[in-house]
Amino acid sequence: MLALGKLLELTLAGREPAEKTQLTVDGVRMRWLAEGALEVRPPEARDNGMDVLLSAGIHGNETAPIELLDRLLHDIARGDVKPRARILFLFGNPAAMRTGARFVEEDLNRLFNGRHENSSGPEALRACELEHLAETFFSQPDRTRLHYDLHTAIRGSKIEQFALYPYKEGRAHSREELARLRAAGMEAVLLQNKPSIVFSAYTYDRLGVEAFTLELGKARPFGQNAGVNVTRLERRLEQIIEGTEPPLADESLEGLQLFSVAREVIKHSDAFILHLPADVENFSELPKGYLLAQDTPQTRWVIEEEGARIIFPNPKVKNGLRAGMIIEPVSSMAFA
Ligand SMILES: O=C(O)CCC(=O)N[C@@H](CCC(=O)O)C(=O)O
Ligand SMILES: [Zn+2]
């Protein structure tokens, strides 16, 4: 296999490849761009006009998606997968991946859309670099643009695999993309209703990409991901890359649950208390009237929404950051 197919090995070892560009037997060009960043380009005659950014390891301890991208890249380097799309593979936070930690100094996925400018640690520099890599990759005109930022969650979940769909004022969420997510095995989509500072929100908002954060299961160390079933996503990614995907208009949304964000719970101070058990699962239901969290001075989050659920509860985040999201169901009729 071509040495550049071993991007994960290079990244974990903190090494640069001796040769920065290599060609597969099928004439697919692989180009190492920076640490954890590799561009794959089909021969011009085979290029189908699609640009796909696949990122993982934005949180260093979320290894199942990293292993998935590693397998895809091996298959391309061996010539077993023959891309018709241009692809940018990104391993987001190599330093955190090397230590198996979510981050080194601060959460990389809270530093996009300009937030990195207020900070100077390793993650701020990396967020800036990732923005530039994505911007350059998506700078070619008149191409179809897709970004899947792959994650696993800190806790278990009542709905195992789901996507978060960023928001931009005046831009509609796409039914075809929802159908593609369903076909890729996602069981739910959370439709955001305000701008955000995560990586997928940057590519969606600033670069006009159809972009999503995908949650694939529970975070575990390398080699311990047998419980995270990414088969449907992996097959779909191969189809997207090879340009063999069935027409999206024919795909149904059946089985896809839709939610929207009712409220974000922001931790303001060290006095923040979250009234949930430590092992609560994502998508757990919250009854009306329930005191979910409190903070000073006199800030209380009491559940008012019908059918409310919690995702990503985390009282340990830094002050000023999201400590959970209260979400509510949305009818899929809007996309009928
Ligand atoms: O399990 C958790 O609490 C966090 C899992 C995770 O990393 N989720 C992403 C979601 C990004 C988004 O809002 O699109 C994150 O929190 O960065
Ligand atoms: Zn994550």
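First listed ligand is number 1; within each ligand, the first listed atom is number 1.
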As a quick check of understanding, evaluate side-chain hydrogen bond (donor to acceptor under 3.5 Å, both in side chains) for E123 and H116, giving each step before the final call. CA-CA 8 Å; E123 271 91 9; H116 54 78; over 6 Å; no
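- In terms of N/O distances under 3.5 Å, ligand 1 is not approached by M325.
- For the side-chain hydrogen bond (donor to acceptor under 3.5 Å, both in side chains) test with D107, the passing option among H59, R322, K318 is H59; the others fail.
- Using a 4.0 Å cut-off to heavy atoms of V198, the atoms of ligand 1 that qualify are 11 (C), 12 (C), 13 (O), 14 (O).
- Between the Zn ion (ligand 2) and E62 there is an N/O/S contact shorter than 2.8 Å.
- Note on H59: its N/O/S atom closest to the Zn ion (ligand 2) is ND1.
- Atoms of ligand 1 found under 4.0 Å from any heavy atom of E62 (numbered from 1 in listed order, with element): 7 (O).
- R115 CZ: 12 or fewer foreign heavy atoms inside a 6.0 Å radius.
- Look at R102 and you'll find a heavy atom under 4.0 Å from some atom of ligand 1.
- With no hydrogens or angles considered, a side-chain donor-acceptor pair links H147 and S55 at under 3.5 Å.
- With respect to the salt-bridge test (charged N to carboxylate O, under 4.0 angstrom), the residues R98 and E35 qualify.
- Using cut-offs of 30° and 60° for the angle between ring planes, the H173 and Y165 rings count as tilted.
- Because its NZ or CZ atom is not both nearer than 6.0 Å to the ring centre of F103 and within 45° of the ring axis, R110 does not count as a cation-pi partner of that residue.
- The shortest N/O to N/O separation between N282 and ligand 1 does not fall below 3.5 Å.
- Taking a cutoff of 4.0 Å between a charged side-chain nitrogen and a carboxylate oxygen, E238 and R235 qualify as a salt bridge.
- Between the side chains of E129 and H132, not a single donor N or O lies within less than 3.5 Å of an accepting N or O.
- Comparing H151, K316, R110 against atom 15 (C) of ligand 1, the shortest heavy-atom distance belongs to R110.
- Contact analysis leaves N314 out of contact with ligand 1, as no non-hydrogen atom separation drops below 4.0 angstrom.
- The protein atom (non-hydrogen) at minimum distance from atom 2 (C) of ligand 1 is F312 CD2, 3.4 Å.
- Set against the non-hydrogen atoms of R322, the atoms of ligand 1 under 4.0 Å away are 10 (C), 13 (O), 15 (C), 16 (O).
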Checking R220 against E62 for the salt bridge (charged side-chain N to carboxylate O under 4.0 Å, His left out) test, could you report, in this order, the C-alpha distance in whole Å, the side-chain angles of both residues, the deciding distance, and whether it holds? CA-CA 6 Å; R220 301 214 182 278; E62 298 177 3; over 6 Å; no
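- Near N109, with a cut-off below 4.0 Å to any heavy atom, the atoms of ligand 1 are 11 (C), 15 (C), 17 (O).
- Near H59, with a cut-off below 4.0 Å to any heavy atom, the atoms of ligand 1 are 7 (O), 15 (C), 17 (O).
- Atom 1 (O) of ligand 1 has its closest protein heavy atom at I154 N, 2.7 Å.
- Considering backbone and side-chain N/O atoms, T152 never comes within less than 3.5 Å of an N/O atom of ligand 1.
- Counting heavy atoms of neighbouring residues, nucleotides and ligands inside a 6.0 Å radius, atom NZ of K20 exceeds 12 of them.
- Scanning all protein heavy atoms for the shortest distance to atom 9 (C) of ligand 1 gives E215 OE2, 3.4 Å.
- The closest protein non-hydrogen atom to atom 14 (O) of ligand 1 is T213 OG1, 2.7 Å.
- H151 has its closest N, O or S atom to the Zn ion (ligand 2) at the position named ND1.
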